[in-house]
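Here is how names work: the chains are called A, B, and so on, in the same order as the sequence lines, proteins then strands, and each is numbered from 1.
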Amino acid sequence: MELASKYNPADIEQKWYQYWMENGFFSSKPDGREPYTIVIPPPNVTGVLHMGHMLNNTIQDILVRRARMMGKNALWVPGTDHASIATEAKVVNKLAGEGIKKTDLTREEFLGHAWDWTRKHGGIILEQLKKLGASCDWNRTGFTMDEVRSESVIKVFCDLYNKGLIYRGVRMVNWDPKALTALSDEEVIYKEENSKLYYLKYYVAEDDGKGETGAEGEIVHRDAKGRYAVVATTRPETIMGDSAMCINPKDPKNQWLKGKKVIVPLVNRVIPVIEDEYVDIEFGTGCLKVTPAHDVNDYMLGEKYNLQTIDIFNDNGTISEAAGMYVGQDRFDVRKQIAIDLNNAGLLEKEEAYNNKVGYSERTNVVIEPKLSMQWFLKMEHLAKIALDPVMNDDIKFYPAKYKNTYRNWLENIKDWCISRQLWWGHRIPAYFLPQGGYVVAATEEEALKLAKEKSGNQSLTMADLRQDEDCLDTWFSSWLWPISLFDGINNPGNEEIKYYYPTSDLVTGPDIIFFWVARMIMAGYEYEGKMPFKNVYFTGIVRDKIGRKMSKSLGNSPDPLDLIAEYGADGVRMGMMLSAPAGNDIKFDVALCEQGRNFNNKIWNAFRLVQGWEVKDMEQPESAKNAVKWFGHKLNKTIEELEDHFSKYRISEALMTVYKLFWDEFSAWYLEMVKPAYQQPIDKATLDATLNYFETLLKLLHPFMPFITEELYQALKTRDAKDSIMVSLLPKKEDYCNKCLDRMEQTKEIIAGVRNIRAEKGISPRESFKLFYKGELDAKNNSIIEKLANVESIDVTPANGVDGASQTFMVGTIEITIPLANNVNAEEEIKKMEEEIKYLEGFLISVNKKLSNEKFVANAKPEVVANERKKQADAESKIATLKANIEKLK
RNA sequence: GGUCUUAUAGCUCAGUUGGUUCAGAGCACCUGCCUUACAAGCAGGGGGUCCUAGGUUCGAAUCCUAGUGGGACCACCA
């Protein structure tokens with residue numbers, strides 16, 4: 001059957017994925033083999049595939065497919081994350097579109113909608129991963145909120161509570177006024193912003209009207225209304241919450257304010273001036289307004305000096321009743337308005353442009369409000385301690401290692417983790433409040449009731465008397481158990497699966513979640529399994545567009561991965577991703593790389609077309625083919641060795657490039673040309689068999705990178721058993737190879753290239769054959785190959801008196817090759833060329849001689865280095881002599 | 001402000017303990033070819049002050065110092 005000259009991936013990808021699934025090649029059960037385990041970083045359940053996922057999952061698939069083909073029991077566990085805030089926000093939006101407010105629904109009703117949404121959109125991303133070729137064991141698909149995982153989360157919460165590591169209290173937390181929930185520190189992203197610094201007048205209360213000029217250095221502001229202090233603030237809308245003004249006691253310019261009281265502008269409340277060294281004398285005017293309810297540092301001052309805390313914001317970021325003014329208006333509207341009002345009242349001294357950093361919610365992208373509230377916290381000191389050393393001493397290896405620093409830095413400065421969220425979509429906190437106050441923590445209602453009875457001494461309590469905490473847990477409080485909970489290690493400690501698959505082998509993820517997820521998994525791993533959760537962590541880069549911008553929806557610079565797959569094939573896209581993705585570096589993605597991937601697929605396809613068209617005949621194996629077969633065997637083994645080295649260092653893009661060159665340059669451009677019979681001529685059986693075997697080996701080496709085309713050709717190469725597949729075949733083990741043979745072939749290639757070069761220069765057709773002479777140590781083993789590929793009719797030693805007539809020479813190492821050319825030589829040109837080379841060699845010789853005449857060099861350098869220089873010297877001298885002789889002859 | 005990281009061809013990057021394998025690869029580019037597997041191809045070719053300035057050394061892309069320009073993370077700025 002005639003095959004198309006272009007490979008069409010669409011035809012086969014679906015077919016083979018189906019085949020793999022039907023035969024259960026992805027699934028794994030514990031057995032006697034060495035396990036190799038990866039757990040997927042669970043994508044958001046309602047998310048869609050983006051380029052970051054493509055990169056991440058391609059790498060995981062390459063690793064797991066390779067491990068499988070190395071005979072390990074390879075398991076890649078897929079799953080999704082319930083993504084508390086993100087999903088809840090989506091559901092709230094969707095309901096809003098239908099005119100339903102979350103506040104109009106009961107918790108149960110809302111969760112009903114959320115589950116509907118999850119069922120509808122959940123798993124789309126997993127289907128997309130299948131298009132990419134991901135070899136996940138789909139039967140094991142987990143979800144952070146399914147039964148097993150939920151039970152694990154609750155159990156762990158109770159355990160940590162009972163260990164005294166979880167506590168509840170009022171603290172200043174990051175409040176998201178859109179999602180209406182607290183966030184952890186890690187969920188706040190600080191962004192540079194061009195804002196304004198407002199200078200507000202705080203008049204001194206009970207001013208005597210006269211006042212004194214300040215002592216030297218003091219700045220005393222005074223106008224018709226009296227003396228005043230100036231406070232610089234970026235947030236004038238918070239003045240309603242002011243409860244003090246603070247100066248640095250050592251600040252000379254504000255000495256006059258000591259002990260005074262000042263009046264909050266517009267609000268007209270009188271507040272004290274306090275002194276604390278926290279205040280930066282250099283900043284603004286050295287006067288700080290203290291708003292304990294709305295700033296972390298002010299909160300500390302408030303605690304220290306026992307100041308009143310006035311919470312002027314509602315949860316949604318509007319001004320509360322407590323403010324007394326602007327009630328119900330949005331905080332940013334009020335900022336604008338209050339500046340106008342202050343100005344009109346003569347209370348705004350000036351405005352300045354100012355650059356500062358503002359915290360935004362990672363999920364909803366609204367400005368975070370520091371807010372005092374009652375939350376649940378996990379103490380981190382103990383957990384940080386057990387997680388630090390294993391990474392620092394490389395029990396768990398980071399690739400690239402530079403992230404060890406980042407990791408240590410975070411762990412050494414860690415703060416307690418706020419784990420409660422004022423959301424419904426998530427694991428509800430298993431704390432139950434008693435009617436008379438206090439609470440109990442328990443995994444089930446029954447236990448809770450029992451504990452409540454004990455605690456209250458009231459045996460007649462019923463469930464109806466208990467009220468479960470409304471909050472749910474931070475999403476990461478479930479993700480951090482992922483490598484354990486996927487094997488049910490929390491609920492069934494020491495079960496067969498957790499014993500076999502844990503610790504997992506490699507984790508592939510982005511550095512952006514090193515704190516959110518990686519560090520916390522390590523904590524949970526040691527706390528609950530007493531062992532690391534994974535042995536190696538491969539941090540991918542961020543996928544950027546080709547001019548370096550982060551890919552984002554708003555920029556519209558992110559291609560749809562499925563469109564790419566449709567255009568270039570999954571294999572082509574996988575290769576495109578990997579070509580540009582050294583570990584840890586950001587990758588600049590360019591569709592041109594997918595094109596390169598597609599072209600490579602086509603190259604493989606066409607190599608197959610050639611091979612499958614050969615007719616075998618009972619005939620002797622030509623000398624050239626025999627030598628080619630031997631050589632390629634060595635080449636293959638050497639490359640396998642290189643590949644193993646690259647993989648051991650997680651240099652995956654280099655590994656790919658190595659196979660790429662092996663297939664394209666060595667196999668297609670050289671080997672196949674060497675063994676290829678003339679057009680429509682048959683091939684001998686030995687060569688054909690060897691070639692088919694090599695082809696199969698190459699497909700195996702390529703398979704982890706390009707699963708689809710390799711399966712297609714593996715199956716087409718020869719008749720296979722019913723349930724055979726390349727993906728469960730074994731990679732060849734590295735065997736010894738002969739370096740001398742490899743070197744010899746490199747020399748052979750150079751000679752062939754030299755001859756081709758002369759043809760190109762002189763415009764001689766490849767069909768015109770000629771004789772070749774050489775001087776020097778040429779190993780004759782590959783002569784038949786030279787004859788074939790360079791179209792040379794004979795190879796002989798150059799006669800002592802040279803070649804008759806015109807000729808052309810070139811050097812390959814120390815061997816001088818001469819080709820007689822009847823009428824094609826321009827003597828002058830040749831002489832000129834040779835003279836140029838002599839000039840270069842003489843310059844080279846001078847530098848070598850200089851080195852060798854340097855006594856210090858000869859004395860200090862390693863003997864082999866000196867010997868090398870001597871050899872260089874000798875070689876250069878002999879080359880010069882040869883060239884000079886040739887010039888003489890031409891003259 | 002602190003910590004870390006990085007600078008090599010037009011682009012993306014390799015370059016291990018300093019020394020013939022040290023100035024490389026892929027892509028892009030230029031020239032010639034529709035040569036019966038492949039123009040998504042074949043054969044050739046050009047291209048770099050290894051960021052700058054010092055230093056160590058017989059010898060530096062490689063080690064040290066400083067500077068400049070990227071990048072990342074952390075902290076803080078009222």
How close or far is atom [atom2] of [N] from atom [atom1] of [X], stated in whole angstroms?
X: A:Leu55; N: B:rU12; atom1: CG; atom2: P; value: 17 Å
X: A:Met575; N: B:rG26; atom1: CE; atom2: P; value: 12 Å
X: A:Gln596; N: B:rG26; atom1: CD; atom2: P; value: 10 Å
X: A:Asp645; N: B:rG15; atom1: CG; atom2: P; value: 11 Å
X: A:Glu666; N: B:rA25; atom1: CD; atom2: P; value: 13 Å
X: A:Leu579; N: B:rA14; atom1: CG; atom2: P; value: 14 Å
X: A:Arg408; N: B:rU5; atom1: CZ; atom2: P; value: 10 Å

What is the distance from atom CD1 of A:Ile274 to atom CG of A:Leu307, rounded to the nearest 0.5 Å?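 Nearest 0.5 Å value for the CD1-CG distance: 5.0 Å.
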
[N] and [M]: how far apart are their [atom1] atoms, nearest whole angstrom?
N: B:rG59; M: B:rG69; atom1: C1'; answer: 30 Å
N: B:rU36; M: B:rC42; atom1: C1'; answer: 13 Å
N: B:rA53; M: B:rU12; atom1: P; answer: 24 Å
N: B:rU5; M: B:rC51; atom1: C1'; answer: 16 Å
N: B:rA7; M: B:rG67; atom1: C1'; answer: 14 Å
N: B:rG2; M: B:rG47; atom1: C1'; answer: 42 Å
N: B:rU49; M: B:rA60; atom1: C1'; answer: 15 Å
N: B:rU8; M: B:rA23; atom1: C1'; answer: 9 Å

Dot-bracket for RNA chain B, 5' to 3', with Watson-Crick and G-U pairs under 3.5 Å, [ ] for crossing pairs and | for other-strand pairs: what is it? (((((((..((((.....[....)))).(((((.......))))).....(((((..]....))))))))))))....

One character per nucleotide, please: for nucleotides 71-78 of chain B, 5' to 3', B when the base has a protein heavy atom closer than 4.0 Å, S when only the sugar-phosphate does, - otherwise. -SSSBBBB

Assign a letter to each nucleotide of nucleotides 36-44 of chain B from its 5' end: B, base within under 4.0 Å of a protein heavy atom; S, sugar-phosphate only; -, no contact. BBB-BSSSS

Could you label the plane-to-plane angle of the A:Phe705 and A:Phe647 rings as parallel, tilted or perpendicular, counting under 30° as parallel and over 60° as perpendicular?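 Ring orientation, 0 to 90° scale: tilted.
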
Taking C-beta and beyond as the side chain, do A:Tyr278 and A:Cys246 meet within less than 4.5 Å on heavy atoms?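 No, their side chains stay 4.5 Å or more apart.
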
Heavy-atom distance under 4.5 Å between the side chains of A:Glu768 and A:Asn791, does that happen here? no

Pick one: which of A:Glu369, A:His294, A:Glu237 meets side chain to side chain donor-acceptor pair (under 3.5 Å) with A:Arg331?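 The option that passes is A:Glu369.
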
Using a strict threshold of under 4.0 Å (side-chain N to carboxylate O), is an ion pair present between [Y] and [X]?
X: A:Glu186; Y: A:Arg520; value: yes
X: A:Glu193; Y: A:Lys357; value: no
X: A:Glu746; Y: A:Lys749; value: yes

In terms of heavy-atom contacts, A:Ser195 and A:Asn356 come closest through OG-OD1, 2.8 Å

Measure across A:Met245 and A:Cys287 and return the closest heavy-atom pair with its distance rounded to 0.1 Å. CE-SG, 3.9 Å

With sequence neighbours excluded, residues passing ring pair (Phe, Tyr, Trp, His ring centres under 6.0 Å) with A:Phe632: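 A:Phe667, A:Tyr671, A:Tyr694.
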
Hey, does A:Arg759 reach any base, or is it just sugar-phosphate, or nothing, if we go heavy atoms under 4.0 Å? nothing

Against the six-membered ring of A:Phe398, is A:Lys404 placed for a cation-pi contact (under 6.0 Å from the centre, within 45° of the normal)? no

Using the ring of A:Tyr737 (Phe, Tyr or Trp, six-membered ring only), decide whether A:Lys638 places NZ or CZ under 6.0 Å from its centre and within 45 degrees of its axis. no

Flag, side chain of A:Asp298 to backbone of A:Pro292, donor-acceptor distance under 3.5 Å: no

Show me the side-chain donor-acceptor pairs of residues 593-603 of chain A shorter than 3.5 Å, one per line, residues at least two apart or across chains.
from, atom 1, to, atom 2, distance (Å)
A:Gln596, NE2, A:Tyr660, OH, 3.4
A:Asn601, ND2, A:Gly597, O, 2.9
A:Asn602, OD1, A:Tyr7, N, 2.8

What N/O pairs connect the protein and nucleotides 16-22 of chain B at under 3.5 Å? Give each pair on its own line.
from, atom 1, to, atom 2, distance (Å)
B:rU20, O4, A:Lys871, NZ, 3.0

